[in-house]
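Positions are given from 1 along the sequence.
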Amino acid sequence: AGAVIHYCVTVLSLCYRSEGQRYPPTGYGRQRQPCKIDRSGDQEAAMKDYTLFCVLLNQKFGAEPGKELKSLHLSIKERESTNPIVSSAEKLLKEYSSQASIAVLPFEQIGFEKASSFTDAIHSDILTRLSQVSDLKVISRTSVRNFKGTSKLLPEIARELQVQWVLTGEVQEIGKQVKVSVRLVNGVQDRQVWAEIYQRQLSAGEVFKIQSEITHNIIEALEMRLSNKEKKALKHIPTQDLEAFRLQAHGRWNLDKRTEEGMRLAEDFFRRSIAQDPHYAQAWLGLEDTLSLLHDYSYEKDERGILAEAEKAANKALKLDPALAEAYASLGLLHSTRRNAKAAIYNLKKATELRPGHAEAHAWLSWILQLTGHAGEGLESAKKAVTTNPLSQEAVSNLSLAWLINRDYETCLHEARRLLQLQPDFETAQLQEGLALYHLGKFKEADAALKNLEVPWLGNGSMVTTQLSCRWIGDAETVYEHL
């Protein structure tokens, strides 16, 4: 809704500056920004902002909104309001309520701006270490990063993510030393149960020791027991190069966006990380994931041999750490991209066996299971991905698709609209919304959602559905336009 107000103010201010111009610039009613607000889910706020815009427009120019803006207003008015953004995630997470659960919120940086990448890296590594504990459900970084800089209280965050425990932290670089402050809170009772401050020499070895100690203290506070395998994993030092560690964390953060720009940035960060430390398995994994996803999302063809390079990166990561769950997940993604379903399913299942809380492995497994006709299994994997990554656009997208394939179109529509709340510019979400509307017989709404939509990996799929919708509503002219 705020973007609608911003749009209105922008248009009016531009016109105030142009003396003698009675009407707003041509095409103001065709601005795409209101479409994003339409998909934000706040129906009441959108209606109020539209009314305010009409009043201001009439007072200043004696004009009315354009045809497309009026049409958008009508479609929002007639649309059923959507549920809160994490409602379905809460429902799924309650199925696993007996399991100990924790959300590690993004750490705050103190002092110099350069601490930002370092802070992200520490936060990411603590998440990875905690996720090695099989009896602990750890919310994925893709979901917790939505609470960076939030003003919400910890009990409210715990309720949204359906976790018992919340960890907060601060990182500060002081000369050649690093200071890390952490606090573990019972999210249900809003009660601090443990806090500690670590100040050590700024080196990769000391930083990983801090993270290992933090993880062990959390496990002790939760009164959990670790297997010998888990104890060894928590003490693991993946790299001795601090800069390689920073660059890898930045690469993973950008890759999580699943946009072309994010993937291009991620590729650069991972390559730089490998250049710093060629023996850093996580950096090789990141490069493999990025190259595979660039091809899978149709952002790049295989003209420069990116799939062959991705395979080499995956094999390198496996050679460096044969027991790494992420390595199997990355290899599964690569086989999925190459349409080798049997190998993809094997490796992705292996990854989830080694790390049951591996959200991305569950999401990728869900996708390939759905493509190969295993609708029920695909739905279960999609649900598991959302339990540990409830605010991930990829996890929610796969869940929406799973409901579509299982012919639960109402739930598919709900998840698609929740996905548009998470990321309004995500074309796949708009596609799934249109497909669900079409199967529900809401052809006019389906046509509005799919009109002029371009989804690179789909080809002409959205256009075909638009034609079918127009055919059902008797709009022969539009059908012919698309032929």
Can you list the steps and then say if L202 with L242 is a side-chain contact (heavy atoms from CB on, under 4.5 Å)?
CA-CA 9 Å; L202 186 55; L242 196 61; 3.8 Å; yes
Is it true that a side-chain atom of [X] and a backbone atom of [Y] form a donor plus acceptor pair closer than 3.5 Å?
{"X": "H374", "Y": "I368", "result": "no"}
{"X": "N398", "Y": "A382", "result": "no"}
{"X": "E230", "Y": "S227", "result": "yes"}
{"X": "H358", "Y": "A361", "result": "yes"}
{"X": "S124", "Y": "A121", "result": "no"}
{"X": "S212", "Y": "K209", "result": "no"}
{"X": "D289", "Y": "G286", "result": "no"}
{"X": "T259", "Y": "G262", "result": "yes"}
{"X": "S392", "Y": "N389", "result": "no"}
{"X": "N406", "Y": "A375", "result": "yes"}

Spacing of [atom1] belonging to [X] relative to [atom2] belonging to [Y], to within rounding of 0.5 Å:
{"X": "Q109", "Y": "E170", "atom1": "CD", "atom2": "CD", "value": "11.0 Å"}
{"X": "W364", "Y": "L334", "atom1": "CH2", "atom2": "CG", "value": "11.0 Å"}
{"X": "I126", "Y": "L234", "atom1": "CD1", "atom2": "CG", "value": "11.5 Å"}

Got a sec, which pairs hit salt bridge (charged side-chain N to carboxylate O under 4.0 Å, His left out) with one end in residues 308-324, sequence neighbours left out?
R271-E309, E311-R338
If you measure only the distance, is there a donor-acceptor pair under 3.5 Å linking the side chains of [X] and [Y]?
{"X": "Q432", "Y": "S400", "result": "yes"}
{"X": "S101", "Y": "Q162", "result": "no"}
{"X": "Q211", "Y": "T215", "result": "no"}
{"X": "D277", "Y": "T239", "result": "yes"}
{"X": "Q199", "Y": "Q177", "result": "yes"}
{"X": "E326", "Y": "S330", "result": "no"}

[X] side chain near [Y] side chain, heavy-atom distance below 4.5 Å:
{"X": "I139", "Y": "I102", "answer": "no"}
{"X": "Q132", "Y": "R355", "answer": "yes"}
{"X": "V171", "Y": "V178", "answer": "yes"}
{"X": "V185", "Y": "V193", "answer": "no"}
{"X": "W253", "Y": "R141", "answer": "no"}
{"X": "V188", "Y": "W165", "answer": "no"}
{"X": "Q248", "Y": "Y280", "answer": "yes"}
{"X": "V182", "Y": "T168", "answer": "no"}

Got a salt bridge between [X] and [Y], using NZ or NE/NH1/NH2 to carboxylate O under 4.0 Å?
{"X": "K235", "Y": "E213", "result": "no"}
{"X": "E267", "Y": "R252", "result": "no"}
{"X": "R258", "Y": "E360", "result": "yes"}
{"X": "D120", "Y": "K148", "result": "yes"}
{"X": "E243", "Y": "R246", "result": "yes"}
{"X": "R264", "Y": "D268", "result": "no"}

Might you point out which heavy atoms bring [X] and [Y] nearest each other, and give the distance in Å?
{"X": "L379", "Y": "L399", "answer": "CD1-CD1, 3.9 Å"}
{"X": "A395", "Y": "V386", "answer": "O-CG2, 3.7 Å"}
{"X": "A327", "Y": "L285", "answer": "CA-CD2, 3.3 Å"}
{"X": "G332", "Y": "L348", "answer": "CA-CG, 3.9 Å"}
{"X": "P278", "Y": "W284", "answer": "O-NE1, 2.7 Å"}
{"X": "G187", "Y": "A158", "answer": "CA-CB, 3.9 Å"}

Chi angles and distances behind the salt bridge (Lys or Arg N to Asp or Glu O under 4.0 Å) call for K383, E380:
CA-CA 5 Å; K383 287 180 178 180; E380 289 306 309; 3.7 Å; yes
Taking distance alone, no hydrogens or angles, what donor-acceptor pairs closer than 3.5 Å link side-chain atoms of residues 339-347 to residues at least two apart or in another chain?
residue: R339; atom: NH1; partner: D296; partner atom: OD1; Å: 3.4
residue: R339; atom: NH1; partner: S336; partner atom: O; Å: 3.1
residue: R339; atom: NH1; partner: T337; partner atom: O; Å: 2.9
residue: N340; atom: OD1; partner: A343; partner atom: N; Å: 3.4
residue: N347; atom: ND2; partner: A343; partner atom: O; Å: 2.8

For the pair L318 and L324, evaluate side-chain contact (heavy atoms from CB on, under 4.5 Å) and give the outcome as yes or no after the intermediate values.
CA-CA 7 Å; L318 283 169; L324 192 63; over 6 Å; no
Would you mind listing every side chain to side chain donor-acceptor pair (under 3.5 Å) that reaches into residues 179-189, with sequence neighbours excluded?
Q189-R191
Please work out whether the ring planes of F107 and H123 are parallel, tilted or perpendicular, with thresholds of 30° and 60°.
perpendicular
Applying salt bridge (Lys or Arg N to Asp or Glu O under 4.0 Å) to R417 and E445, what does each step give before you reach the verdict?
CA-CA 13 Å; R417 287 178 171 169; E445 289 185 57; 3.5 Å; yes
Run the side chain to side chain donor-acceptor pair (under 3.5 Å) check on E288 and S292 step by step: do they pass?
CA-CA 6 Å; E288 190 281 333; S292 294; 2.9 Å; yes
Assess whether atom NE2 of H279 is packed by more than 12 heavy atoms of other residues, nucleotides or ligands within 6.0 Å.
no
Other residues, nucleotides, ligands: >12 heavy atoms within 6.0 Å of E108 CD
no
Take V180 and I197, measure what side-chain contact (heavy atoms from CB on, under 4.5 Å) needs, and give me the verdict at the end.
CA-CA 6 Å; V180 182; I197 297 176; over 6 Å; no
For the pair E196 and I214, evaluate side-chain contact (heavy atoms from CB on, under 4.5 Å) and give the outcome as yes or no after the intermediate values.
CA-CA 8 Å; E196 190 65 78; I214 291 173; over 6 Å; no
Might you work through the side chain to side chain donor-acceptor pair (under 3.5 Å) test for S366 and Q370, ending with a clear yes or no?
CA-CA 6 Å; S366 168; Q370 291 171 53; 2.5 Å; yes
Could you give me the CA-CA distance, side-chain angles and deciding distance for R418 and E433, then say whether salt bridge (Lys or Arg N to Asp or Glu O under 4.0 Å) is met?
CA-CA 10 Å; R418 188 164 74 89; E433 178 188 32; over 6 Å; no
